[in-house]
Amino acid sequence: MASYSAMNSSQQGLNVQNHPYGAGDPYYAESTGFITPQQAPKKRGLSNWIKIGVPVLIVVIVAAVVGGVLGSRKARNDSAASSGGGSSGSHGGSGGASFNLEDARFATATDSKYLEPLYPSTTAAAALITPTFRPAGQGVPSWPQETFTPASPAPTSVRPDRPRLIAPAYKWAALPDLIAADPYLKGWNDTIFGNATAYFSLPPVPYFMDGGNGILDIARAIKMRVKAFAYVYRMTNDTKWVDRTWTELQNAAGNGTNSFGEPDKQNDKWNTGHFLDTAELTAAFGIAYDWLYDMWSDDQKSMIRSTMIQYGLGYGLQVFTGQTNFGWWSSNITGNWNCVCNGGLTLGALAILGDDTTNTASQLLGFTIDNAKQNCAMAVTSDGTWAETTNYWYFGTTGHAEMASALITATGSDYGLLTVNSDFSKTGNFHMYANGPGTLFDWGDSGPNKFSSTANGMFLYATQYQNPRYALFQRDQHDAPEPWSMFWYDPSVAGAFWNGAALDFFFDDPTDQWASMRSSWTDNDALSIAIKAGTLQHHQTHNDLDVGDFILDALGTRWAGEFGCGDYNSLNYFSNDTQGSDRWLYYRKMTEGQNTIIINRQNQIVTAAPTVTHNTTGEAQGSSTVYTVPDDSTAYWIADMTSAYANVQSVKRGIRMLNKRRQVLLQDEVNSSGTVDWNMHTNATVTTNGASATLKLDGQELTITMLNPPNGAKFDTVTPSVRYDSDPAPPQPDQPNPGVTTLFVSLPAGQYTLEMLFNPQWPGMQSSDFVTPSTVALDSWTLTSHN
């Protein structure tokens, strides 16, 4: 079971001592800042599968690990040695010849550093077929046919039975048999029971105002608990879970032992100024009202309804009728705010529809659906990328999936929420390729604690878009065990997600422009790189100035990584995304804080419009977790980044896989009238020797060699901080970056080609096994140019 530790408040931007999920609380989860090597989670016993607190342990998918910068050795039990890059087998798993047949779950554990699934090495298994949905019958477990199929669905015409939201009665009736037949459902059910038991003994979630994040952690923690308590009640009929849910609701309504809400805002206990908080609490109350409907007394129902209307739904209606100034998220906001806010309001409204004599619920449903279709659904670009960041995908898609699912189960239609953006079906693909052995390519902001936000929308999308690969990928992930999974997962799905999955994928929408390349899907030691260009505006002010930014994973370690969030409570952190924004004065957001080129020691130009080219030999992994990379296998990606800089004639960056995907070449071609700096951030211990650098981390080693170095070019290191005298200071003292080193090369104005060859020191691989490529201009790169 993975353990974890709190960061100190100076790193995190939270007052840990006063935070309700502080350092001493087993359900505390980091939101922003670094995890230093000393703080890195250490494994402990009990179980390879995380049974308690998984929704909490999502810990911002551990990504907020600014830590994308943080690299770590994956847990491994096998003794075989890799000769590099996934070319000779899967490591990090059990090392056995077959999957864990006792429970028939493909991954043996999720207790690696980043909680990535660990797959055993196997060359043959009958279950590892191409992803598919098996036809009904022949003993295949599957959901019964839905009986509520209205001829003319309408948002205000709901199914006659309860529950309405996400989990109708017919699914509850079928669930025990499906749990008995499906090892994934059984494992998730066990974890949900374990979570609920752990939450049961804790006091109600205490109120805490966390600056710019408001009470979002509190709201999501309450929603997470309500889902778990209500689920366990419906599976056991033990009324103690109803009583415990009531205690949580009373507390959040301000009727408990402890106060809830700011003393001077008792009519606004759910913090409408940060409407995400309001929406998540509204959803929590809606779920409790609906899932436990038959157990509430009339007085209790009245309290739940009136609380929701007073602190949530009523304010939501004010947003859409123009009676307030805190509804900015409803106007041309294509991102997580619109999805979460509309989703929470919709769940609450659907829950009390018919019982609400004020007609607030029915009026709201006349607004939220169309608004979400115009905004939330448009957060996915033409290539499937979530336009904010990879981490905000979790918040946005959870809100979107909850809203779509609740509409379908309650009224019989999603009203186009799933289809109004024809590219939304691709977003599961984006999520898969954004994940690597060292967790997410977590560019930009990571967001607050996830708590009730997961990637489990993948299960709903798998069914709705008939893409079984999405469900197969998600079901082995550490965040899968929670109530939504129990009803969105289709147990008729079969196969291995990696069977037929391309090693490389290029995302070409001008907003994103990024690439993902790897040597294996199932080897936790695999070589994996990701790199981006894209525009620097229109990301809901969650992006960085990062054209050309990249990450690199190998040997179970992240060697070049991301900072993720800065301190959300920093002055003017979210001010705007114009060139003069104070946001770009903070190290983690400015160009200097990225793994890219800095020209004239200035930030990139926010109106940058890079262009990209790329190619791949096109390999896809087969059924085996042991993937042998062909000799001529390669992929490359090139960006013309010139428009991101002033004082330049040209700046281009290319990256490619070499030598059976065991080495990486990063090449920059710069013609500049300003100074040139090459930057990379790492958690490794770095030793430099002129044109070479040796990185050591987690007992592993990687060397970087500058081929054909320009005159005077040499590697150097510095602690990450603003190091240029010409940079204006941020509005407040910047946060520290402990445990991270900046590896850099500084050159005067001029024309340069910088060729950086990355060589992970694969076990069993001799120096003669590495290649030194010839110098080839980026414009002449082809699939065979470096053979």
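Atom set for the values below is all heavy atoms of this structure, side chains included, hydrogens, waters and symmetry mates excluded. Residue numbers run from 1 in the order of the sequence given.
With respect to Trp188, the ring pair (Phe, Tyr, Trp, His ring centres under 6.0 Å) criterion is satisfied by exactly one of Tyr231, Phe459, Phe487, Trp484: Phe459. When Trp172, Phe229, Tyr233, Trp241 are each tested for a ring pair (Phe, Tyr, Trp, His ring centres under 6.0 Å) with Trp291, only one passes: Trp172. With respect to Thr427, the side chain to side chain donor-acceptor pair (under 3.5 Å) criterion is satisfied by exactly one of Trp386, Trp393, Tyr465: Trp393.
Between the side chain of Gln474 and the backbone N or O of Ala471, no donor-acceptor pair lies under 3.5 Å. Panel note: side chain Trp443, backbone Thr390; no donor-acceptor pair is recorded below 3.5 Å. In this structure, Asp553 contributes its side chain and Gly561 its backbone to no donor-acceptor pair below 3.5 Å. Checked by atom type and distance alone, the side chain of Asp523 never pairs as donor or acceptor with a backbone atom of Ser519 at under 3.5 Å. Put simply, the side chain of Thr245 never gets that close to the backbone of Val226: no donor and acceptor are under 3.5 Å apart. Proximity of a side-chain donor or acceptor of Asp414 to a complementary backbone N or O of Leu418 within less than 3.5 Å is detected. At least one donor-acceptor pair under 3.5 Å links the side chain of Glu388 to the backbone N or O of Asn336. For Arg244 (side chain) and Phe200 (main-chain N/O), a donor-acceptor pair under 3.5 Å exists by modelled atom type.
Shown here for Pro448 and Phe395, the closest heavy-atom pair between the two residues is O-CZ, 3.4 Å. In terms of heavy-atom proximity, Thr409 sits nearest to Phe148 at O-CD2, 3.9 Å.
For Glu619 and Ser633, the side-chain atoms include at least one donor-acceptor pair closer than 3.5 Å. Side chains of Thr522 and Gln621: a donor on one and an acceptor on the other come within 3.5 Å. Side-chain contact annotation: Thr625 with Trp498, donor-acceptor N/O pair under 3.5 Å absent. Counted by atom type alone, Trp514 and Thr385 present one or more donor-acceptor pairs between their side chains at under 3.5 Å. A donor atom on one side chain and an acceptor atom on the other are found under 3.5 Å apart for Asn456 and Thr454. There is no side-chain donor-acceptor pair under 3.5 Å between Tyr461 and His431. If you check the side chains of Asn449 and Asp217, you find a donor sitting under 3.5 Å from an acceptor.
Ring planes of Phe424 and His400: parallel class, angle under 30° (limits at 30 and 60°).
Among residue pairs with one or both ends in residues 130-146, those qualifying as salt bridge (charged side-chain N to carboxylate O under 4.0 Å, His left out) are Glu146-Arg159; sequence neighbours excluded.
Heavy atoms from other residues, nucleotides or ligands lying under 6.0 Å from CD of Gln466 number more than 12. Counting heavy atoms of neighbouring residues, nucleotides and ligands inside a 6.0 Å radius, atom NZ of Lys186 does not exceed 12 of them.
Taking 4.0 Å as the cut-off between side-chain N and carboxylate O, Asp504 and Arg518 do not count as a salt-bridged pair. Remark: Asp182 does not engage Arg475 in a salt bridge, criterion side-chain N to carboxylate O under 4.0 Å. Using a 4.0 Å cut-off between a side-chain N of Lys or Arg and a carboxylate O of Asp or Glu, Lys223 and Glu402 qualify as a salt bridge.
In this view, Tyr470 satisfies the side chain to side chain donor-acceptor pair (under 3.5 Å) rule with no residue, not counting sequence neighbours.
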(message) Working note: Met517 + Phe505, criterion side-chain contact (heavy atoms from CB on, under 4.5 Å); need CA distance, chi angles, decisive distance, verdict.
(response) CA-CA 7 Å; Met517 297 169 267; Phe505 206 94; over 6 Å; no
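A cation-pi arrangement is found for Lys450 relative to Tyr394, the charged atom lying closer than 6.0 Å to the ring centre and inside a 45° cone about the ring normal.
The aromatic ring centres of Trp521 and Tyr433 sit less than 6.0 Å apart.
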